[in-house]
Amino acid sequence: MSSDQAPKKELAAVKGTHDILPGEVEIWQKVETTATRLFESYGYRELRAPIIEHTELFEKGTGRTTDVVTKEMYTFVDKGGRSITLRPEYTPSVARAIVEHRLDLLGTPMRYYYIGPMFHYDKPQKGRYRQFHQIDVEVFAEKDPAVDAEIIEMADTLLRVLGVAETEILVNSVGCKACRPGYSRALRAQAEKVRGGLCEDCRRKIDINPLRIFDCKVELCRALAKEFPQIMEFLCSECRDHFAEVRKYLGLAGIPHRVEPNLVRGLDYYTKTAFEVINRGGGQQNAVLGGGRYDDMMKDFGGPDICGIGFACGVERLIAMLSFKPEPRKFVYVVHAGDAAKAKAVELARLFRVGGVETLVEFAGRGFKSQFGRADKLGASWVLIIGEDELAKGEFLLKDMATGTQTSGSPRVLLAALQGRVG
RNA sequence: GUGGGUGUAGCUCAACCGGUUAGAGCAUCGGACUGUGGAUCCGAAGGUUGGGGGUUCGAGUCUCCUCACCCACCCCA
C-alpha cells in the first residue's frame, strides 16, 4: 500500500540520512586524513567498534535517564530476540571493548580515536541528522590533569589545521561524586526560591537535574540563573586542584579558553573536566565538539575502575565551517579510436596507473573531437592520444591541456615525464 | 515529540484573478566539425507540477490529508 501511495519513497534516502557524493567527499577525506595523522602523532591508535551494540550497553553507559537513551535511540529486536541499538555515541563501545579484550592489562597506552557514523532518532534540522558522523577521541587510565589539557590541545589543533576560525573553547568542572551533590542541593534550594519566575521546563529540571537549568535559552531563566551559586565555590579540593592544573597546562600550551561556570554536559557520566568548542557564527546547533572526563563510568556499569576522558566532534558541523576547496586532480585522459587503439589504451592506462599516474579511459566510442571535449570538461591535465599513426609507430602523443603542446614518445618516456609532474 | 515555512525538468527559476498543449537559462545528448578541447549556431531529449483525495465546466494555482526538505522548540557533536 505504501508503494501505491508513494512509489518513489523507497528510491529516496531514509529521512535524516544523506549521500556524500564525489565533489563533497573530498572534504570528508581531507578531514579524516588530517584528524588521523594528528591523533597518530600524539600516539593515539584507531579502535574500530561495531555500529550495533546490545541496547543495555547504552542504557548502562550513557545513562537510563538521558534523553538520548529514553527517546532518541535506533533500537530493534533482531531475529535472535536480542535488543540491538545503532550506537548513538561511541564512548560506551570503547569502554566495552576495553573490558572485553582486557586492553587495560596490555600495558599499551589506552589512547584511541575513531571516525564514523552515529545514529539519533531525532527530527532532522540544520546540523542534526539521524545518521551523523563523529570524530571520537578517548583516553583511559590517565587521571593526570595534563591529559585533559592534551586532548583539548588536540581538538584545538585539529580545528586550526583545518582552518576553522570563529570558534571558542569553553571549559568547566562539573565536580565529582564527593562534591557535586552538595552543589546540586544548593542550586536546588536557590532555584526553589525563584520557582515562579522560571519556565515550565526549568521547574521540572529543579527536581531532575538542576544543573541543566543553565542550558535554558529563555531570557528570564538566564537572568535568574546568573544569581545562582556557581560550582567553583563547591568543588572539593581534589576537583579544584585538578581544574587548576588543567588550566595551567592549557596556559602552557597557549590554548585560549574561557571558563564557563554554566557549562554542563548532557550525558550522565561526566565528572570534573567538561569542555566544549562552539561555533561563534553558528546557529542553534553551535556545539561543534564536546567532551569531558568520566572517571566513574567504567566502574558504575560493572567494569574495572578505570578513569577516562574524551571528546566527540560532529563532522557535519565541522565541515559546515570549512571553506576548504579541494585541489583539482591531475590525471590523463586517453583518447582512442578503433579496436586496436582501444586495446592499446587499456594497456597503456595500466602502465601509467602502476607508475602512479591517475588515468581515465572511457569506451563510449566518440569521435576524436568529442573525446577532447570530454577531456576538457572533466578537467584532464593531459590527453594521451592513440590513433592509427601512433599504433603504427609505437610512439604516442601526449598533449598538455593547459598549454596545448604535444610531445611524442614511447610509453615509458611519456610516463617518466608525467611522473615528475603529478602531485 | 511540538510548532512554522517550502515543494514546478538533473540544477536555478517563470507561468496574471483558477482558463488552451506548464516555459526559460544552465547542464545533458546529437549535428554543423569523419585525427585535436574551451567559442558560436542549430536541433533533440527531459515533467503524472512531491504523492493522494476534494471543490470546479476547468486546478501548478483553492482546500484537506500525506511525504520530503528547511527553520525553530527540544536534544546534542
Side-chain angles (χ1 to χ4, degrees), chain A residues 1-18 21 62 66-73 88-91 115 117-130 132-137 155 199-202 204-205 212 215-218 264-267 275-279 282-292 310-321 333 335-338 341 364 366-391 397-406:
Chain A
M1 51 194 160
S2 68
S3 61
D4 289 334
Q5 288 173 346
K8 284 182 176 171
K9 189 178 173 188
E10 285 133 39
L11 297 179
V14 171
K15 180 177 179 135
T17 70
H18 296 281
L21 305 175
T62 307
T66 58
D67 282 338
V68 168
V69 170
T70 55
K71 51 188 187 193
E72 292 169 10
M73 291 208 299
E89 60 147 344
Y90 200 62
T91 308
I115 304 170
M118 308 290 158
F119 304 85
H120 276 193
Y121 194 88
D122 247 5
K123 193 158 173 179
Q125 68 184 68
K126 190 170 204 64
R128 191 173 79 185
Y129 311 102
R130 290 189 174 180
F132 61 106
H133 298 76
Q134 286 188 336
I135 298 170
D136 192 272
V137 169
C199 73
E200 201 178 318
D201 276 344
C202 285
R204 266 205 333 268
K205 288 176 187 168
R212 300 200 59 79
D215 273 346
C216 191
K217 294 182 178 78
V218 176
V264 294
R265 308 259 76 232
L267 306 180
F275 62 96
E276 198 166 287
V277 178
I278 58 167
N279 176 8
Q284 292 306 307
Q285 311 292 335
N286 67 344
V288 67
L289 182 153
F311 70 79
C313 173
V315 181
E316 283 83 356
R317 292 180 187 182
L318 175 62
I319 284 177
M321 302 175 68
Y333 187 93
V335 166
H336 57 94
R366 302 162 194 266
F368 261 63
K369 186 172 188 64
S370 176
Q371 290 186 62
F372 274 92
R374 277 291 285 174
D376 180 56
K377 189 159 62 64
L378 298 178
S381 298
W382 305 278
V383 162
L384 176 68
I385 304 163
I386 304 177
E388 288 178 13
D389 301 348
E390 290 77 15
L391 280 171
L397 278 175
L398 187 71
K399 176 169 183 169
D400 184 313
M401 293 295 276
T403 64
T405 58
Q406 298 189 161

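Here is the naming used below: chain letters follow the sequence lines, and residue numbers restart at 1 for every chain.
- The nucleotide B:rA39 finds no pairing partner, because no Watson-Crick or G-U wobble arrangement with both distances shorter than 3.5 Å includes it.
- Within the model, atoms NZ of A:Lys399 and CG of A:Leu384 stand 13.0 Å from one another, a figure rounded to the nearest 0.5 Å.
- For B:rU12 and B:rC69, the P atoms lie 16 Å apart once the distance is rounded to whole Å.
- A:Lys123 comes within 4.0 angstrom of a nucleotide base, judged by non-hydrogen atoms across all strands.
- Comparing B:rU36, B:rC29, B:rC75 by their closest approach to the side chain of A:Asp122 singles out B:rC75.
- Nucleic acid contact class of A:Ala337 (heavy atoms, under 4.0 Å, all strands): none.
- Pair assignment for B:rG47 gives none, since no Watson-Crick or G-U wobble pairing has each distance under 3.5 Å.
- Separation of the C1' atoms belonging to B:rG4 and B:rG43 is 47 Å when rounded to the nearest angstrom.
- Side-chain proximity of A:Asp67 to the nucleotides B:rC75, B:rU36, B:rG38 is greatest for B:rC75.
- The residue A:Asp136 sits apart from the nucleic acid: no heavy atom pair falls under 4.0 Å.
- The closest side-chain heavy-atom distance from A:Phe119 to A:Arg130 is not below 4.5 Å.
- Look at the P atom in both B:rC57 and B:rA15: the space between them is 27 Å, to the nearest Å.
- Pairing for B:rA72 is with B:rU2, a Watson-Crick or G-U wobble pair whose two hydrogen-bonding atom distances lie under 3.5 Å.
- Spacing of C1' atoms, B:rU40 relative to B:rG60, comes out at 36 Å, to the nearest Å.
- Within the nucleic acid shown, A:Gln371 has no heavy atom closer than 4.0 Å to any nucleic acid atom.
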Original post:
Does the pair A:Tyr129 and A:Thr17 meet the rule for a side-chain contact (heavy atoms from CB on, under 4.5 Å), with working shown?
Top reply: CA-CA 6 Å; A:Tyr129 311 102; A:Thr17 70; over 6 Å; no

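- A:Lys15 places its NZ atom 7 Å from the C1' atom of B:rA68, with the value rounded to the nearest Å.
- Of the candidate nucleotides B:rA77, B:rA72, B:rU36, B:rA77 has the atom lying nearest to any side-chain atom of A:Ala287.
- In terms of position on RNA chain B, the residue among A:Glu276 and A:Gln406 whose nearest nucleotide sits closer to the 5' end is A:Gln406.
- If you measure from atom CG of A:Asn286 to atom P of B:rC73, you get 10 Å, rounded to the nearest angstrom.
- Nucleotide B:rC57 forms a pair with B:rG19, judged by Watson-Crick or G-U wobble geometry with both contacts under 3.5 Å.
- Atoms CH2 (A:Trp382) and P (B:rU36) sit 23 Å apart, rounded to a whole Å.
- Expressed to the nearest 0.5 Å, how far CD1 of A:Ile115 lies from OH of A:Tyr90 amounts to 10.5 Å.
- Spacing between B:rA24 and B:rC70 at atom C1', rounded to whole Å, works out to 26 Å.
- Residue A:Leu397 has its side chain nearest to B:rU36 when only B:rC76, B:rG37, B:rU36 are considered.
- Contact annotation for A:Gly373: backbone-only contact, meaning every heavy-atom pair under 4.0 Å involves sugar-phosphate atoms and none involves a base.
- B:rA27 and B:rC41 are spaced 12 Å apart, taking the P atom of each and rounding to whole Å.
- For the pair A:Lys126 and B:rC71, the criterion of a side-chain N or O lying under 4.0 Å from OP1 or OP2 is met.
- In this model, the phosphate group of B:rA72 is approached by a side-chain N or O of A:Gln125 to a distance below 4.0 Å at OP1 or OP2.
- Between B:rC29, B:rG37, B:rC69, one nucleotide has an atom nearer to the side chain of A:Arg374 than all others, and that is B:rC29.
- In this structure, the separation between OG1 on A:Thr62 and CG on A:Asp67 is 12.0 Å, given to the nearest 0.5 Å.
- Closest to the side chain of A:Ala312, out of B:rG37, B:rA77, B:rA68, is B:rA77.
- Of the inter-residue distances, the one linking A:Leu318 atom CG with A:Leu289 atom CG reads 8.5 Å to the nearest 0.5 angstrom.
- Minimum atom distance to the side chain of A:Glu72 is reached by B:rC75, of the listed B:rC75, B:rC74, B:rG35.
- Regarding A:Lys71, its NZ atom lies at a distance of 11 Å from the C1' atom of B:rU2, rounded to whole Å.
- The side chain of A:Arg128 lies closest to B:rC75, out of B:rC75, B:rG35, B:rA72.
- Counting non-hydrogen atoms under 4.0 angstrom, A:Lys369 reaches a base of the nucleic acid.
- Atom name P, nucleotides B:rU48 and B:rA9: the rounded distance is 9 Å, in whole Å.
- Rounding to the nearest 0.5 Å gives a distance of 7.0 Å between NZ of A:Lys15 and OH of A:Tyr121.
- Between the NZ atom of A:Lys399 and the C1' atom of B:rG35 there is a distance of 11 Å, given to the nearest Å.
- Within 4.0 Å of A:Gly379, counting heavy atoms only, lies no atom of the nucleic acid at all.
- Closest approach to the A:Ile385 side chain among B:rU36, B:rC70, B:rC74 is made by B:rU36 (side chain taken as heavy atoms from C-beta onward).
- Within the nucleic acid shown, A:Lys377 comes within 4.0 Å of sugar-phosphate atoms alone, with no base atom in reach, counting heavy atoms only.
- A:Gly291 comes within 4.0 angstrom of no nucleic acid atom, judged by non-hydrogen atoms across all strands.
- Atom CD in A:Glu316 sits roughly 13 Å away from atom C1' in B:rC76 (whole-Å rounding).
- Looking at which nucleotide of RNA chain B each of A:Gly387 and A:Ser370 is closest to, the 5′-most match is held by A:Ser370.
- Residue A:Gln134 is in base contact, counting any heavy-atom pair closer than 4.0 Å across all strands shown.
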**OP:** Show your reasoning for whether side-chain contact (heavy atoms from CB on, under 4.5 Å) applies to A:Met401 and A:Trp382.
**Re:** CA-CA 5 Å; A:Met401 293 295 276; A:Trp382 305 278; 5.6 Å; no

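- B:rG54 and B:rU28 are spaced 43 Å apart, taking the P atom of each and rounding to whole Å.
- With centroids closer than 5.5 Å and planes inclined by less than 30 degrees as the test, A:Phe368 and the base of B:rU36 fail to qualify as a stacked pair.
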Original post:
Could you go step by step and tell me if A:Phe275 and A:Phe311 meet the side-chain contact (heavy atoms from CB on, under 4.5 Å) rule?
Top reply: CA-CA 8 Å; A:Phe275 62 96; A:Phe311 70 79; 3.6 Å; yes

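- Atom C1' of nucleotide B:rC76 and atom CG of A:Leu318 are separated by 16 Å, given to the nearest angstrom.
- Summarising the geometry, the separation between CZ on A:Arg130 and P on B:rC70 is reported as 11 Å, rounded to the nearest angstrom.
- The aromatic ring of A:Phe132 stacks onto the base of B:rA77, its centre lying under 5.5 Å from the centre of the six-membered base ring with the two planes under 30° apart.
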